[in-house]
Amino acid sequence: MAGGGDELKLLATWFSPFASRVKFVFHLKGLSYENVEEDLKNKSELLLESNPVHKKVPVLFHNGKPLCESMVIVEYIDEIFAGVGPSIVPADPYERAIARFWVSYIDNKLVAPWFQVFRGKTKEEKAEGLQQMFVATAVMEEAFRECSKGKPFFGGDAVGIVDVALGSQLGWLRASEALSGIKLFDPAKTPLLLAWAERFTALDAAKASMPESGRLLAYAKMRQAETDAANASK
Ligand SMILES: N[C@@H](CCC(=O)N[C@@H](CS)C(=O)NCC(=O)O)C(=O)O
């Protein structure tokens, strides 16, 4: 793998879809990195010191300097290693701004409601989150049509930041589908997204960076049971 004299260390947890975003880009570009597994139930001094604002993974240490927030890290890697492997941030300022718009939409309108469904205290709260997720997947179906212009990825012929932002969530979305029996990516309603998800998951960089599906499902079941028990005892 490439990486030159740069030291790349990633503070992550195996199940974090946000850490997967960063791992995906490392693998896409063929960059070597050291993975440091964090215990989020007993956060390390390193995490608390390096991400004092959010206290969350992922944190990238590039030659010892920390950087937080998955998509900030993803764009940073793409810029610093511009000559290494494929580029995922559009060169054209307008295209770049549009891609960032969709990245922000994914985090605010799909991932945030997903948390509400997974962690929601009441049935109403969960149902509202799910409703928002259905709206967001329908919107992303149209976004895919516009961004891809008939090509395989949001980024066109190759993956871009929108693919990375959404693709990294697929493991958890599928685990949630398996737990609830609800189909978020539906062959009738979101055929383009469904086909895109298959293509994204088949990429070598996705296989290398996404959590193993059986392990993730078992973990999601355990977390769901923990959350439900905690909510029931309140
Ligand atoms: N917006 C952040 C989200 C990161 C995030 O939520 N990380 C989770 C793991 S999946 C975490 O560290 N949670 C610890 C906590 O909430 O205390 C990003 O994109 O990096």
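Atoms within each ligand, like the ligands themselves, are counted from 1 in listed order.
Atom CH2 of Trp14 and atom CG of Leu216 lie 5.5 Å apart (nearest 0.5 Å). Note: Leu203 CG to Ser209 OG = 9.0 Å, rounded to the nearest 0.5 Å.
Protein heavy atom nearest atom 1 (N) of ligand 1, with residue, atom name and distance: Glu69 OE1, 2.8 Å. The shortest contact between atom 13 (N) of ligand 1 and any protein heavy atom is with Lys56 CG, 3.8 Å. In this structure, the protein non-hydrogen atom closest to atom 20 (O) of ligand 1 is Ser70 N, 2.9 Å. In terms of protein heavy-atom proximity, atom 10 (S) of ligand 1 is nearest to Ser16 OG, 3.2 Å.
The shortest heavy-atom distance from Thr13 to ligand 1 is not under 4.0 Å.
Proximity of Lys43 to ligand 1, defined as any heavy-atom pair under 4.0 Å, is confined to the side chain (atoms from C-beta onward). Both the backbone and the side chain of Val57 come within 4.0 Å of ligand 1, counting heavy atoms alone.
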For this session: Check the pair Tyr76, Phe81 against ring pair (Phe, Tyr, Trp, His ring centres under 6.0 Å), reporting the backbone distance first and the verdict last.
Result: CA-CA 8 Å; Tyr76 175 78; Phe81 299 100; 8.0 Å; no

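Ring pair Phe101/Tyr105 is parallel by interplanar angle, where below 30° counts as parallel and above 60° as perpendicular.
Counting only distance, with no hydrogens or angles, the side chain of Thr190 and the backbone of Leu193 share no donor-acceptor pair below 3.5 Å.
Around atom CD of Glu226, more than 12 heavy atoms belonging to other residues, nucleotides or ligands sit under 6.0 Å away.
Interface atoms of ligand 1 facing Pro58, defined by a heavy-atom separation under 4.0 Å, are 20 (O).
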